[in-house]
Amino acid sequence: MERVLAKDAKSSVGKNIVVKGWLHKKRLLGGLTFINVRDRSGVIQIVVEDKSEVEKLRGLQIGTVLSITGNVIEETRAPGGLELHDPKIEVLVPVTHESPIEIDKPLSHKSENLDTLFENRVIGLRNLQEQKIFKIRSGMVRLIRDFLYAQDFVEIHTPKLVAGATEGGAEVFKLDYFGKEATLAQSPQLYKQIMVGVFERVFEIGPTFRAELSATTRHVSEVTMLDIEMGFIDSHDDVLNLVGDMVFHVLSKTYETFADELKSLNAPELILKDKFPRYTVAKVHELYSKDTGQDTTDEKDLIPDEEKWICDYAKSKEGCEAVYVTHFPVEAMKFYHRINPDDPTTVMWADLLFRGLEIATCPEREIDYQKLIGQMKKAGINPEEPGYKYYLQAFRHGLPAHGGCGFGVDRFVEKTIGLGNIKEAILFPRDLNRLAP
RNA sequence: GGGCUCGUAGUGUAGUGGUCUAACACGCCUCCCUGUCACGGAGGAGAUCGCCGGUUCAAAUCCGGUCGAGCCCGCCA
């Protein structure tokens, strides 16, 4: 007999079917036993009256792999309105080890309990509440892909093992590469720009590695980044509009598609406008300093509290939890950024903030070969190094005006669901202290 | 790198000098229970209170060290 999934059992009412899955919960009521079996589609209830069938499960723990043949009965008292009767139970994989962590009740996500959560991740992810986080994440990544494919982007995969040179800024992991020194890519930045010369519009969703000694709720050492790069832009606005439209689309659809899951995870209500408000860095400093009395006008970047503050401000003043902060000062720029032609003290660079956290950074690139070389030298970079010379080759052979974004998928998922720590949105997070599981 | 905070059964917590021979809930084991769905009831096992040292008549509790963890800042996405 062919296996039927829990969610499809309703089309087999009155028929004998086979379900296969994991023992999720047992409730023994004397002459009557309810067991829940979990498969990839959900959970189905089975009613067992035959004592010898119940005995097959004696001593077996949650997680035991079962195959159960039974009659599908409509029953208003059953969760989901139906259940299996007169089951024949076959134990496929017996489990005798007690589950180290709860599997049918929500797990603690308090910060002081996260270590336990991740230490028991292998089993904890089977918890239905934990699964919801990663089903939503999967759905969001799919929405991103669908949106970008519809805009004629090509998905690419760039190397993660790269030559010593990097884009600067973040600390990198160094490793031995057949006697040479290599690093783990901190972003696909240089390669995605090279690929503009091939496909105009490219994106990549993949891991990037940061060796930052940061222990906060928003940092991990292995980050899933969405990198987008688009050529033949008429202005920096083209980039901000594309990324803004994408985020609006993904958030709206996610809140629609996963309404039940988000509600049960206590996600906040989504407050969004289709065009995100924009503030310059200087304006944020000004508004923040005036409101809090803390003078930030000399800061080159936003301080973490300003990121929270401006999102709250935009939420209450503009009815939008996502904002663009534009016109970052040249002091904070990277060598490949394009300096604002109308104001050389600022860069064509905006950050996208959502619910108090930087989600994406969206700059336009410098395409003038001589200017780029100059900016590299100013940043202390040798253009002859192998990590850069091939990058520069792409410019010598023609790259159009382009820009894009580096977009933190983990942070985006975290904030969409309203989790408190980026690690909660990652299956097996990597941080200063954790390399396993 | 700097600062602050926290380590008590498998899990989450209470207990902050003596009544702790360490309590409660979930989970686990035994028994009862025919409509449970956070099932209910009775009983039971499970903790050298992170580790080492010190103070004290007396330490889970105070002090020092150490290991582990969390949060914030810096840095960074």
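In what follows, chains are A, B, ... by sequence order, proteins preceding strands, each numbered from 1.
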K.L.:
When you compare the protein's N or O atoms with those of nucleotides 25-28 of chain B, which come within less than 3.5 Å of each other, and at what distance?
P.N.:
residue: B/C26; atom: O3'; partner: A/K105; partner atom: NZ; Å: 3.0
residue: B/C26; atom: O2'; partner: A/E102; partner atom: OE2; Å: 2.1
residue: B/G27; atom: O2'; partner: A/E98; partner atom: OE2; Å: 3.3
residue: B/C28; atom: O4'; partner: A/E98; partner atom: OE1; Å: 3.4
residue: B/C28; atom: O4'; partner: A/E98; partner atom: OE2; Å: 3.2
residue: B/C28; atom: O3'; partner: A/Q61; partner atom: NE2; Å: 3.4

K.L.:
Should A/R121 and A/E130 count as an ion pair when the cut-off is N to O under 4.0 Å?
P.N.:
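Yes.
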
K.L.:
Select one nucleotide: of B/G70, B/G74, B/A77, the one nearest the side-chain heavy atoms of A/V223.
P.N.:
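So the side chain of A/V223 is nearest to B/A77.
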
K.L.:
Looking for any heavy atom pair under 4.0 Å, which part of the strands does A/T33 touch: base, sugar-phosphate only, or nothing?
P.N.:
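Result for A/T33 = nothing.
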
K.L.:
Closest approach to the side chain of A/I303, judged atom by atom: which nucleotide of B/G35, B/G74, B/C71 is it?
P.N.:
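For A/I303, the side-chain atoms sit closest to B/G74.
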
K.L.:
Among the candidates B/A77, B/C71, B/U11, find the nucleotide nearest to the side-chain atoms of A/L114.
P.N.:
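So the side chain of A/L114 is nearest to B/C71.
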
K.L.:
If we call it a pair only when both distances are under 3.5 Å in a Watson-Crick or G-U wobble match, what pairs with B/G12?
P.N.:
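Partner of B/G12: B/C24.
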
K.L.:
Could you work out, with side-chain hydrogen bond (donor to acceptor under 3.5 Å, both in side chains) as the rule, every residue matching A/E49, not counting sequence neighbours?
P.N.:
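Result, side-chain hydrogen bond (donor to acceptor under 3.5 Å, both in side chains) vs A/E49: none returned.
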
K.L.:
Both distances below 3.5 Å, Watson-Crick or wobble geometry, any strand: find the nucleotide opposite B/G46.
P.N.:
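Looking at the geometry, B/G46 pairs with no nucleotide.
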
K.L.:
Across all strands, who's sitting opposite B/A38 as a Watson-Crick or G-U wobble pair, both distances under 3.5 Å?
P.N.:
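Partner of B/A38: none.
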
K.L.:
Once you round it to whole Å, what is the distance between C1' of B/C39 and CZ of A/R77?
P.N.:
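A/R77 atom CZ is separated from B/C39 atom C1' by 15 Å.
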
K.L.:
Just call it for A/P79: base, sugar-phosphate, or nothing, with non-hydrogen atoms closer than 4.0 Å on any strand.
P.N.:
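Base contact - A/P79 has a heavy atom under 4.0 Å of at least one base atom.
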
K.L.:
For the side chain of A/Q45, starting at C-beta, report the closest nucleotide among B/C76, B/U36, B/A77.
P.N.:
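The nucleotide sitting nearest to the side chain is B/U36.
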
K.L.:
Name all residues meeting the side-chain hydrogen bond (donor to acceptor under 3.5 Å, both in side chains) criterion together with A/Q294; count only those two or more places apart in sequence or in a different chain, and write none if there are none.
P.N.:
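Partners of A/Q294 under the side-chain hydrogen bond (donor to acceptor under 3.5 Å, both in side chains) test: A/Y288.
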
K.L.:
Categorize A/N113 for me: base, sugar-phosphate, or nothing, with a 4.0 angstrom heavy-atom threshold over every strand shown.
P.N.:
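If one applies the 4.0 Å heavy-atom cut-off, A/N113 turns out to touch the sugar-phosphate alone, with no base involved.
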
K.L.:
Please check if the side chain of A/S264 supplies one atom and the backbone of A/E261 the other of a donor-acceptor pair under 3.5 Å.
P.N.:
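The answer is yes, because a donor-acceptor pair under 3.5 Å joins these two groups.
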
K.L.:
In Watson-Crick or G-U wobble terms, both distances under 3.5 Å, what is the partner of B/U61?
P.N.:
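Its partner: none found.
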
K.L.:
Say whether A/S235 and A/D237, considering side chains only, have a donor N or O and an acceptor N or O under 3.5 Å apart.
P.N.:
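No donor-acceptor contact under 3.5 Å links the two side chains.
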
K.L.:
Regarding B/C75, can its base be found pairing with the side chain of A/S214 as donor and acceptor, where the two atoms are less than 3.5 Å apart?
P.N.:
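A donor-acceptor contact between them is present.
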
K.L.:
Any strand counts, and the cut-off is 3.5 Å on both contacts for Watson-Crick or G-U wobble. Which nucleotide pairs with B/C71?
P.N.:
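Per the H-bond distance test, B/G3.
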
K.L.:
Would you classify A/G408 as touching base, sugar-phosphate or nothing, given that sugar-phosphate means primed atoms plus P, OP1 and OP2, and contacts are heavy atoms under 4.0 Å?
P.N.:
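Counting heavy atoms under 4.0 Å across all strands, no contact is made by A/G408.
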
K.L.:
In terms of side-chain heavy atoms of A/L29, which of B/A77, B/G74, B/U34 is nearest?
P.N.:
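Nearest nucleotide to the side chain: B/U34.
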
K.L.:
Under 4.0 angstrom, heavy atoms only, what part of the nucleic acid is A/R58 near: base, sugar-phosphate, or nothing?
P.N.:
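Answer is sugar-phosphate: A/R58 comes under 4.0 Å of backbone atoms only.
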
K.L.:
For B/U55, give its Watson-Crick or G-U wobble partner with both distances under 3.5 Å, or none.
P.N.:
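With both distances under 3.5 Å required, B/U55 matches none.
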
K.L.:
Quick one: are A/R40 and A/L5 in side-chain contact, heavy atoms under 4.5 Å?
P.N.:
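A side-chain contact exists here, since the closest heavy-atom pair is under 4.5 Å.
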
K.L.:
Looking only at side-chain atoms of A/K423, point me to the closest of B/C75, B/A77, B/C71.
P.N.:
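Within the option list, the nearest is B/C71.
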
K.L.:
Checking all strands, does A/L357 fall into the base, sugar-phosphate, or nothing category for heavy-atom contacts under 4.0 angstrom?
P.N.:
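Since no nucleic acid heavy atom lies under 4.0 Å of A/L357, the category is nothing.
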
K.L.:
For the residue pair A/E306 / A/H285, report whether a side-chain donor-acceptor contact shorter than 3.5 Å exists.
P.N.:
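A/H285 vs A/E306: donor-acceptor pair found between side chains.
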
K.L.:
Under 4.0 Å between any heavy atoms, over every strand shown, what does A/A78 touch: base, sugar-phosphate, or nothing? Just pick one.
P.N.:
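Base, at least one base atom sits under 4.0 Å.
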
K.L.:
Measure distances between side-chain N and O atoms of A/E112 and base N and O atoms of B/U5, and say whether any donor-acceptor pair falls under 3.5 Å.
P.N.:
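No, no donor-acceptor pair under 3.5 Å.
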
K.L.:
Return yes if a side-chain donor-acceptor contact under 3.5 Å exists between A/K160 and A/T158, otherwise no.
P.N.:
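Yes, because at least one side-chain N or O of A/K160 sits under 3.5 Å from a partner of the opposite role on A/T158.
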
K.L.:
For A/N421, which contact category applies under a 4.0 Å heavy-atom criterion: base, sugar-phosphate, or nothing?
P.N.:
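Answer is sugar-phosphate: A/N421 comes under 4.0 Å of backbone atoms only.
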
K.L.:
Kindly indicate whether the side chain of A/E83 and the base of B/G35 share any N or O donor-acceptor pair separated by less than 3.5 Å?
P.N.:
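A donor-acceptor contact between them is present.
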
K.L.:
Would you mind classifying the nucleic acid contact of A/N433 as base, sugar-phosphate or nothing, using non-hydrogen atoms under 4.0 angstrom?
P.N.:
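Sugar-phosphate, no base atom in range.
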
